[in-house]
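Just so it is clear: chains get the letters A, B, ... in the order the sequence lines come, proteins before strands, and each one is counted from 1. Below, all heavy atoms of this structure are taken into account, side chains as well, without hydrogens, waters or symmetry copies.
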Amino acid sequence: MRLQSDEAYVSIEELSAGYTKPDVILGASLRVGKGEGALIAGPSGSGKTTLFLAMTGVLSHLLEGKVEGKASIGGLDPLKLEDYELLPSKIGIVLQDPEKQIAMPTPIDELTFILENFGYSREEAEKRAVEALKSVGLQSKANFHVENLSGGEKRRLTIAASTVHDPPILLMDEPTASIDPWGIAEIRGLIRSSLDKGMAVLLIEHKPVFFKDLFERIYILRGGKLDKFEEKDEMSIRDVDFSVKECGEEKGKDIGSGKRVIEARDLAVGYGRAILRAEELEMREGEIVAIVGPNGSGKTTILKTIAGFIGPIEGEIVGERRRFYVPQFPDMLFIKRTVEEELRDQKMDPRARGSLKDLFPWYSSLKSSNPFRLSHGQRRWLSILIALGYDPSVLLLDEPSSGLDLILYNKLVDLLKRVKNSGKSVMISTHDPRLIGDLADRVYYIKDGRMAEKGKSKACSELYEVAGVVR
Amino acid sequence: MRWLALSDKMLSPGAGFIYALSLTALAFILRSEIVLLAMVIPNFLLSLYYGRKKVAWVYVLILISAPGIFLNALFFSNYGTLYTTILGRPIYSNCISSFLIVFLRIAVIGSVGAFFVSYYTPMEIVKGLEKELHFPKGIAFSVAYAFRLMPLISKDFGEIRKVRKQRGYRAFPLTAGEFMTYAAPLLRISYERAFWTGVAMELRGFRLRGKRRISSREQARFEK
């Protein structure tokens with residue numbers, strides 16, 4: 001049965017969907033024509049991913065969810081099994097985490113595997129795969145193991161995988177969730193080139209600030225309801241990242257008066273061979289220092305070296321010994337069965353432990369919950385509080401704003417300001433320009449394997465520029 | 001020749017899989033320590049040659065199992081001729097024999113599995129299982145993807161160890177409760193990874209695999 005919206009290449013009409021009953025997405029409707037794009041933004045928990053899974057048919061056919069209403073993608077009805085099976089030939093997809101969408105061990109294997117799914121012979125698939133890898137600058141790494149690719153290269157591989165079979169429609173579900181401004185620029189490039197080619201593009205994002213200039217139609221998903229975005233909608237602007245943050249003012253070099261808590265000279269860090277060098281690194285009491293650079297540049301490695309997980313290859317790090325590293329994936333920190341047990345862990349400092357539950361906004365409703373069942377933002381919050389429970393002098397946070405929506409991000413900023421005001425020092429590895437503008441007292445910028453201090457305003461502006469955002 | 005063409009290796013993936021399966025079956029049947037040891041040594045050496053970093057953890061696990069196997073033999077099979085005494089406790093010949101047989105059986109299974117994993121890439125395994133042995137594509141892909149996950153799980157395990165040590169806990173699990181606290185985040189992270197890879201494969205046409213052939217018109221469009 002053809003829908004009335006024949007001109008629309010992608011359309012949904014009164015779509016309601018959910019995992020056990022259709023109560024997560026409520027009556028959503030939108031249309032995107034060929035050569036057109038639509039951006040769907042929304043805070044965490046609004047149902048963005050559920051909408052993506054529902055409209056592509058994955059929710060009903062793979063996950064046994066409940067979907068009502070109508071959907072049409074490239075003339076196919078994904079809610080019908082026979083059309084759902086043909087849908088991949090019409091769409092290219094880019095999902096949140098490159099790591100979680102690459103199934104094969106090498107780039108050439110990944111693209112060949114996809115083309116073989118569509119019926120290409122091995123020879124044809126390999127030929128086409130090589131062309132696709134060339135287009136994203138990965139030809140020389142075709143046979144590298146995926147684990148040896150940088151984060152940016154993995155993202156480029158997923159971009160190649162999304163277009164290797166020449167689909168007319170591009171669907172992207174939060175592709176910037178774990179990528180740096182350089183990766184964001186590549187996604188912008190993909191969107192622009194796809195629209196120029198006459199493809200239909202649908203982007204679901206919680207950081208629309210990086211993409212709103214590319215789309216005529218912007219929607220807001222809130223509480224499962226999909227509405228057109230209005231500039232004057234204060235609630236949307238409060239909940240979702242539509243605006244570019246101020247980068248703050250440049251301060252003089254010797255900005256801190258507190259004692260030095262971390263100091264290093266002629267430092268080289270890495271696993272076996274040096275991947276990052278710094279002539280000097282310094283941090284004072286009560287300071288927030290940001291380590292900024294692209295994915296794979298060594299930000300995590302230097303934090304782990306400071307934490308003592310790995311030894312420096314050259315140089316030495318001196319200063320306060322009480323340092324606590326909070327990993328990028330907060331799940332790795334959890335040991336206990338409930339939130340309450342985590343925040344009352346006997347291994348923590350007794351004085352620091354006492355105030356932790358007051359710092360967890362959802363404590364009364366979630367204290368008996370398993371930490372692994374919390375939302376991403378709540379898990380990240382809990383991991384920072386666990387770290388505080390050990391009363392470190394230096395807190396080392398690895399990409400703390402990754403995956404947080406604007407509401408949680410603002411709460412995180414408040415929490416870290418309180419931590420700083422209590423006299424603790426915080427070192428953050430990040431590629432999020434907002435954190436630099438909102439929090440950093442000092443910035444170290446990584447470029448071409450070298451880390452050096454850079455002005456905060458300059459670093460923040462540069463990251464926005466790299467991402468392609470006009471300020 | 002057909003069997004060789006699917007891989008540039010001496011032993012095609014399908015043949016390799018049958019080899020691994022056969023040795024695993026034999027390990028359960030044979031009772032000679034010498035024969036079992038003779039099966040372990042070449043596979044052990046080959047697996048280390050082809051992929052030491054990938055498979056070293058398998059041997060660590062095998063070694064960890066040794067005390068448990070010995071205790072089991074000590075409690076349930078300690079009879080025969082007196083062999084020695086350990087901490088005043090007599091150890092009889094059958095205890096040693098039982099320990100060796102069970103330990104070597106595990107070593108055969110572990111080493112031949114390690115060889116299989118180190119010798120072939122996941123892609124070769126998928127093709128071998130699918131095209132040579134005509135396994136359903138779901139099973140073939142699941143086996144291959146499990147091998148893709150192994151180095152990732154190993155990396156995650158290393159990360160969890162360091163973070164636990166930071167919290168004042170043992171870096172290596174010794175009790176069942178500690179083991180669960182390692183297993184929970186590993187399983188969760190692996191599940192999330194596998195879930196989204198599954199969604200990605202679904203939307204990249206995995207259901208069409210083996211069903212569809214690209215038309216000559218579509219091929220010609222690409223050639224232009």
### Task
Test A/Arg337 against B/Met180 for side chain to side chain contact (heavy atoms under 4.5 Å, CB included), laying out the working first.
CA-CA 10 Å; A/Arg337 281 177 295 184; B/Met180 280 314 298; over 6 Å; no
### Message
Nearest 0.5 angstrom please: A/Met332 CE to B/Gln166 CD, how far?
### Response
13.0 Å
### Query
With chain A, which of B/Gly198, B/Ala200, B/Gly205 has the greatest number of heavy-atom pairs at distances under 4.5 Å?
B/Gly205
### N/O donor-acceptor pair under 3.5 Å between B/Arg167 side chain and A/Lys347 backbone
no
### Task
Measure distances from A/Thr49 to the heavy atoms of chain B and classify the residue's part below 4.5 Å as side chain, backbone, both or neither.
side chain
### Task
May I ask you to say whether B/Arg209 pairs ionically with A/Glu116, meaning some side-chain N is under 4.0 Å from a carboxylate O?
yes
### Task
Under 4.5 Å heavy-atom distance to chain A, tell me which part of B/Arg193 shows up: side chain, backbone, both or neither.
both
### Task
Under the side chain to side chain contact (heavy atoms under 4.5 Å, CB included) rule, what do A/Glu147 and B/Lys155 come out as? Steps first, then yes or no, please.
CA-CA 10 Å; A/Glu147 289 317 299; B/Lys155 208 162 95 177; 3.6 Å; yes
### Task
Give, as side chain, backbone, both or neither, the part of A/Leu171 having an atom under 4.5 angstrom from any heavy atom of chain B.
neither
### Task
Kindly confirm or rule out a cation-pi arrangement of A/Lys100 over B/Phe195, judged by NZ or CZ under 6.0 Å from the six-membered ring centre and within 45° of its axis?
no
#### Entry: Atom CZ of B/Phe28: over 12 foreign heavy atoms under 6.0 Å
no
### Query
Can you tell me how far CZ of B/Arg164 sits from CZ of A/Phe334, rounded to the nearest 0.5 angstrom?
13.5 Å
### Query
If we only count heavy atoms from C-beta on, is the A/Phe372 to B/Pro185 side-chain gap below 4.5 Å?
yes
### Query
Atom CD of B/Glu192 and atom CG of A/Asp331: how far apart are they, to the nearest 0.5 Å?
7.0 Å
### Query
What part of B/Leu203 gets closer than 4.5 Å to chain A, counting heavy atoms only: side chain, backbone, both or neither?
both
### Task
Spell out, as yes or no, whether a donor-acceptor pair under 3.5 Å connects the side chain of A/Asn117 to the backbone of B/Arg204.
yes
### Sidechain-backbone polar pair: A/Tyr325 side chain, B/Val163 backbone, donor-acceptor under 3.5 Å
no
### Query
Considering only heavy atoms, which portion of A/Ile102 lies under 4.5 Å from any heavy atom of chain B: side chain, backbone, both, or neither?
both
#### Entry: Interchain contact, A/Val326 with chain B, by part (heavy-atom threshold 4.5 Å)
neither
### Task
Verify the neighbour count for atom CZ of A/Arg322: are there more than 12 heavy atoms of other residues, nucleotides or ligands below 6.0 Å?
yes
### Message
When you compare the side chain of A/Leu87 with that of B/Arg207, does any pair of heavy atoms fall below 4.5 Å?
### Response
no
### Query
Under 3.5 Å, side chain of B/Thr197 to main-chain N/O of A/Ala103, donor-acceptor pair present?
no
### Test log, rule side chain to side chain contact (heavy atoms under 4.5 Å, CB included), inputs B/Val199 and A/Ile93
CA-CA 10 Å; B/Val199 170; A/Ile93 54 150; 5.9 Å; no
### Query
In terms of heavy-atom proximity below 4.5 Å to chain B, should A/Gln101 be classed as side chain, backbone, both, or neither?
both
### Query
Which answer fits A/Gln96, side chain, backbone, both or neither, if we ask what part of it has an atom under 4.5 Å from a heavy atom of chain B?
neither
### Message
Is A/Leu95 in contact with chain B via its backbone, its side chain, both, or neither, using a 4.5 Å heavy-atom distance?
### Response
side chain
### Query
Using non-hydrogen atoms only, which part of B/Glu178 is less than 4.5 Å away from chain A: side chain, backbone, both, or neither?
neither
### Task
Take A/Phe329 and B/Ile160 through the test side chain to side chain contact (heavy atoms under 4.5 Å, CB included) and record every step on the way to the result.
CA-CA 10 Å; A/Phe329 299 106; B/Ile160 290 169; over 6 Å; no
### Message
Can you tell me which portion of A/Arg379 sits under 4.5 Å from chain B's heavy atoms? Options are side chain, backbone, both or neither.
### Response
side chain
### Query
Would the number of heavy atoms belonging to other residues, nucleotides or ligands and lying under 6.0 Å from CD of A/Glu64 be above 12?
no
### Part of B/Leu152 within contact of chain A (heavy atom distance under 4.5 Å)
side chain
### Query
Are any non-hydrogen side-chain atoms of B/Tyr169 and A/Ile335 less than 4.5 angstrom apart?
yes
### Summary
Looking only at heavy atoms, the pair that brings A/Pro327 and B/Glu159 closest together is CB-OE2, 3.8 Å
### Structural part of A/Asp345 lying under 4.5 Å from a heavy atom of chain B
side chain
### Query
Contact part of B/Ala184 toward chain A, heavy-atom cut-off under 4.5 Å: side chain, backbone, both or neither?
both
### Message
What part of A/Tyr84 gets within 4.5 angstrom of chain B, counting heavy atoms only: side chain, backbone, both, or neither?
### Response
side chain
### Task
Please tell me if the side chains of B/Met201 and A/Phe113 come closer than 4.5 Å, counting only heavy atoms from C-beta onward.
yes
